[in-house]
Amino acid sequence: MNRTGSAAEICGKKAPSRSLLALAIRRVRAALAWFLLSQSAAASEALIGYAFVIDGDTIEIAGERIQLNGVDAPEAWQVCLDETGTDYRCGKESASALDTFLSASRPTRCEFVARDRYGRFVGTCFRADGKDVNRWLVETGNAIDRGTYGSGLYASAQQMARSIGAGIWRGQPDRTCAARPGRVNQKPTC
């Protein structure tokens with residue numbers, strides 16, 4: 001018995017036609033496109049809930065970490081110099097101030113901008129009374145304007161805070177112990 005031909009022909013089965021294969025590929029592509037669109041749509045929706053403060057520029061709502069857009073607060077371990085040149089825990093102070101601010105008007109609503117390199121949502125957040133949390137942090141000197149995602153959104157708020165000596169601007173903010181990659185959860189060396 002001469003067995004030449006394709007495996008499907010040898011087994012007595014017809015090989016799937018090219019049109020069926022093309023249809024299957026189109027369906028997979030459509031499903032993938034739908035999935036990607038639904039993910040970006042979810043990122044554009046607001047997340048509302050009780051906000052837990054992680055640090056001065058990161059909160060968590062319903063298990064989702066949110067990096068506050070356009071701001072950069074000192075890390076919890078960072079030390080700044082006050083107006084007398086004395087060290088104080090500016091990172092811890094910033095996180096505490098944020099917690100107090102958020103607790104005055106709950107729930108918190110965050111509108112998302114992007115995801116950062118750690119997978120956190122980057123968003124602009126508002127208290128229940130409508131106050132912009134990100135702007136408040138910069139206006140009170142508990143954070144600085146960050147150009148990475150915000151492109152200078154809060155530059156005017158920072159200028160105001162700096163001019164009145166609010167928060168970190170009350171002392172010598174240029175002499176803070178700078179956060180460096182890999183330093184999280186370690187004692188500062190400065």
Side-chain angles (χ1 to χ4, degrees), residues 49-61 64-190:
Y50 186 94
F52 294 94
V53 174
I54 304 303
D55 63 23
D57 57 15
T58 308
I59 61 174
E60 187 172 303
I61 298 176
E64 188 74 57
R65 290 266 170 119
I66 302 158
Q67 171 67 44
L68 299 176
N69 181 44
V71 302
D72 189 17
E75 298 299 324
W77 55 264
Q78 279 184 270
V79 176
C80 297
L81 298 176
D82 66 14
E83 56 277 4
T84 65
T86 305
D87 289 349
Y88 74 100
R89 301 289 303 266
C90 54
K92 196 169 192 171
E93 188 174 287
S94 177
S96 179
L98 176 59
D99 189 49
T100 300
F101 181 71
L102 292 175
S103 67
S105 181
R106 294 190 193 273
T108 302
R109 174 178 54 89
C110 296
E111 297 171 358
F112 297 103
V113 175
R115 281 200 181 264
D116 70 7
R117 65 179 183 231
Y118 303 110
R120 298 176 297 195
F121 276 98
V122 176
T124 302
C125 299
F126 303 89
R127 295 190 326 181
D129 62 8
K131 290 187 179 173
D132 182 333
V133 175
N134 307 36
R135 178 170 296 283
W136 177 86
L137 278 167
V138 178
E139 285 175 344
T140 58
N142 287 297
I144 60 170
D145 177 57
R146 173 193 284 177
T148 307
Y149 300 104
S151 300
L153 284 175
Y154 305 111
S156 61
Q158 180 170 302
Q159 185 58 38
M160 182 188 75
R162 190 175 209 159
S163 69
I164 63 172
I168 63 169
W169 304 110
R170 71 177 185 248
Q172 302 169 23
D174 296 336
R175 301 268 323 258
T176 61
C177 181
R180 291 177 288 283
R183 293 283 313 142
V184 179
N185 297 324
Q186 295 180 17
K187 290 185 177 186
T189 58
C190 52

If you take all heavy atoms of Arg89 and Ala76, which pair is closest and at what distance?
NH2-O, 3.0 Å
Under the 3.5 angstrom rule, does the side chain of Gln78 hit a backbone N or O of Glu75 as a donor-acceptor pair?
yes
Given the rule in the side-chain contact (heavy atoms from CB on, under 4.5 Å) test, do Val71 and Arg135 qualify, once you have shown the distances and angles that lead to the verdict?
CA-CA 8 Å; Val71 302; Arg135 178 170 296 283; over 6 Å; no
Side chains of Val122 and Arg115: does their closest heavy-atom pair fall under 4.5 Å?
no
Taking only residues two or more places apart in sequence or in another chain, which ones pass side chain to side chain donor-acceptor pair (under 3.5 Å) with Asn142?
Thr140
In this structure, CG of Leu137 is separated from OH of Tyr154 (nearest 0.5 Å) by 9.5 Å
Exam field: side chain Asn134 to backbone Asn69, donor-acceptor pair closer than 3.5 Å
yes
What are the two closest non-hydrogen atoms of Ala73 and Ser94, and how far apart are they?
CB-OG, 3.6 Å
Would you give the length of the straight line joining atom CG of Leu68 to atom OG1 of Thr124, rounded to the nearest 0.5 angstrom?
8.5 Å
N/O donor-acceptor pair under 3.5 Å between Thr58 side chain and Asp55 backbone
no
Do any N or O atoms from the side chain of Arg65 and from the backbone of Ile59 form a donor-acceptor pair under 3.5 angstrom?
no
Kindly say whether Ala51 contributes a backbone atom to a donor-acceptor pair with the side chain of Arg106 at under 3.5 angstrom?
yes
Working to the nearest 0.5 Å, report the span between CD of Gln159 and CH2 of Trp169.
9.0 Å
Pairs under 3.5 angstrom only: tabulate donor-acceptor contacts from the side chains of residues 97-104 to other protein residues two or more places apart or in another chain.
unit_1 : atom_1 : unit_2 : atom_2 : d
Thr100 : OG1    : Ser96  : O      : 3.1
Ser103 : OG     : Asp99  : O      : 3.3
Ser103 : OG     : Thr100 : O      : 2.9

Counting only N and O atoms by type, is there a donor-acceptor contact under 3.5 Å from the side chain of Gln158 to the main-chain atoms of Asp145?
yes
Scanning both residues in full, the closest heavy-atom pair of Gly123 with Ile66 reads N-CG2, 4.1 Å
Could you tell me whether the side chain of Gln67 reaches within less than 4.5 Å of the side chain of Tyr118, counting heavy atoms only?
no
Point-to-point distance, once rounded to the nearest 0.5 Å, from CD of Glu60 to CZ of Arg120:
11.0 Å
Sidechain-backbone polar pair: Arg127 side chain, Lys131 backbone, donor-acceptor under 3.5 Å
no
Check ion pair Arg170-Glu93 (N to O, under 4.0 angstrom)
yes
Tested for side chain to side chain contact (heavy atoms under 4.5 Å, CB included) against Cys90, the lone hit among Leu81, Val79, Ile168 is Ile168
To the nearest 0.5 Å, atom SG of Cys110 lies from atom CD1 of Ile61 at 4.0 Å
